[in-house]
Amino acid sequence: MEEQVFVQSEQYIVIAGVVARCRDRILGGQKFYLQYPYDGSVRAVNRESGGTANIESYVFGSKEAAQQAVLGQTLNPCALTWQAFGLPAIYLAGFHVFRHDAVEEGRRMRESCRRYGFEGLFPLDKEDYDNLGQRDTAAMIFHANDGLIREADIVMANLNPFRGAEPDSGTVFECGLGYALGKKLYGYLSDGRTMNERLEEAIDPHTKLYSDGMHVEDFNLPLNLMLAVPMDIVIGGLEECLIRAQKDYYGAG
């Protein structure tokens with residue numbers, strides 16, 4: 001039987017871009033840092049090696065000390081990850097984080113992911129950073145979302161227009177990061193027309209220029225080619241996109 005020793009007080013670990021509560025336990029003579037509920041099923045490991053080397057330098061006695069390590073750039077916020085055996089994880093990119101009911105919407109989206117056999121990872125813009133100023137809060141959110149994308153198997157993005165004719169700029173960045181990390185990319189749109197068709201009313205029929213005096217990209221695609229080429233674009237909403245992903249991953253449908 002494995003020896004099990006608990007530390008009663010919680011500690012804070014910088015892992016996957018976030019500051020998370022943890023506790024340590026000795027399992028088989030080796031110290032592990034565990035994710036709540038501390039049952040040993042989810043443990044902190046080094047992202048590259050999958051081992052436990054150098055993890056202690058990412059563990060702090062207070063949340064504030066851990067945050068300052070991230071903000072002071074004294075460590076790599078994404079060097080560690082949680083190791084667990086579970087469902088394929090989807091990072092849910094999109095401007096839904098700006099909704100007045102973003103927390104509730106995130107819960108609904110994660111429940112939808114679960115119905116189709118996935119674990120939904122919702123951006124952490126609503127985490128409690130009340131002890132930090134605005135710029136430090138922004139930095140912590142960036143690292144948290146960066147970490148979630150690295151955790152995910154899939155980036156699934158709401159690419160509908162946001163405050164204009166193009167998708168949300170933060171979402172586009174996250175898609176690019178996902179591509180660079182080798183993640184599977186899905187995007188969903190409610191309007192499947194090409195860019196030319198969507199913007200036709202503002203395109204001069206003689207010069208073929210948009211109202212801003214510039215050409216509209218014309219490759220018979222619904223989005224800029226830098227999104228439409230590497231991503232599987234689904235016409236519909238999150239549900240339709242999950243159905244497509246479920247078919248790809250599980251052969252369902």
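In this chain, residues are counted from 1 in sequence order.
- Judged purely by distance below 3.5 Å, without hydrogens or angles, the side chains of N131 and Q67 pair a donor atom with an acceptor atom.
- Judged purely by atom type and a 3.5 angstrom limit, Q35 has no side-chain atom pairing as donor or acceptor with the backbone of A44.
- For E64, the CD atom is densely surrounded, since the number of other residues' heavy atoms within 6.0 Å is greater than 12.
- Salt bridge annotation for E240-R244: absent, with no cationic side-chain nitrogen under 4.0 angstrom from a carboxylate oxygen.
- I15 and I55 fall within the same hydrophobic cluster, where Ile, Leu, Val, Met, Phe, Trp and Tyr residues are linked whenever their side-chain heavy atoms come under 4.5 Å apart, directly or through other members.
- Nearest heavy-atom pair, V70 versus V14, reported as atom, atom and distance to 0.1 Å: CG2-CG1, 3.7 Å.
- Between F60 and Q11, every side-chain heavy-atom pair lies at or beyond the 4.5 Å cut-off.
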Subject >> Stepwise side chain to side chain contact (heavy atoms under 4.5 Å, CB included) test for D24 and K31 >> reply: CA-CA 7 Å; D24 65 24; K31 180 184 284 188; 3.7 Å; yes
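- Surrounding CG of N220 are at most 12 heavy atoms belonging to other residues, nucleotides or ligands under 6.0 Å away.
- Note on E105 versus R108: salt bridge recorded, some NZ/NE/NH1/NH2 to OD/OE distance being below 4.0 Å.
- The side-chain heavy atoms of Y129 and M140, taken from C-beta on, include a pair separated by under 4.5 Å.
- For N54, the CG atom sits in a loose shell: 12 or fewer heavy atoms of surrounding residues, nucleotides or ligands are nearer than 6.0 Å.
- Using a 4.5 Å cut-off on side-chain heavy atoms (C-beta onward), R150 and D146 make contact.
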**OP:** Let me see the working for Y249 and Y116 under ring pair (Phe, Tyr, Trp, His ring centres under 6.0 Å), right down to the final yes or no.
**Re:** CA-CA 10 Å; Y249 271 74; Y116 289 95; over 10 Å; no
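- Taking both residues in full, the closest heavy atoms of G178 and V155 are given as CA-CG2, 4.1 Å, listed atom of the first, atom of the second, then distance.
- For A66 against V19, the heavy-atom pair with the smallest separation is CB-CG1, 3.7 Å.
- For the residue pair C175 and L159, the shortest heavy atom distance occurs at SG-CD2, 4.3 Å.
- For the residue pair Y186 / D248, a side-chain donor-acceptor distance below 3.5 Å is found, with atom types taken as modelled.
- Atom CD of Q73 sits in a sparse spot, with 12 or fewer heavy atoms from other residues, nucleotides or ligands closer than 6.0 Å.
- Put simply, the side chain of E197 gets close to the backbone of T194: a donor and an acceptor are under 3.5 Å apart.
- Taking 4.5 Å as the limit, every side-chain heavy atom of W82 sits out of range of all side-chain heavy atoms of R43.
- Around the CD atom of E111, the shell of radius 6.0 Å holds more than 12 heavy atoms that belong to other residues, nucleotides or ligands.
- Counting only distance, with no hydrogens or angles, the side chain of D204 and the backbone of T207 share a donor-acceptor pair below 3.5 Å.
- Ring planes of F162 and F98: parallel class, angle under 30° (limits at 30 and 60°).
- A heavy-atom distance below 4.5 Å is not found between the side chains of R47 and L80.
- A heavy-atom distance below 4.5 Å is not found between the side chains of Y33 and Y38.
- With contacts defined as side-chain heavy-atom distances shorter than 4.5 Å, the pair Y12/V59 does not qualify.
- One finds the CG atom of N160 at 8.5 Å from the CG atom of D191 (value rounded to the nearest 0.5 Å).
- When the side chains of ILVMFWY residues are joined at heavy-atom separations under 4.5 Å, either directly or via intervening members, Y179 and L221 end up in two distinct hydrophobic clusters.
- Side-chain contact between L227 and P167 is present, with heavy atoms from C-beta onward closer than 4.5 Å.
- In this structure, K184 pairs ionically with D232, as a charged nitrogen and a carboxylate oxygen lie closer than 4.0 Å.
- Looking at every heavy atom in both residues, T171 comes nearest to A93 through CG2-CB, 4.0 Å.
- The residues E239 and R115 are annotated as salt-bridged, a charged nitrogen and a carboxylate oxygen being separated by less than 4.0 angstrom.
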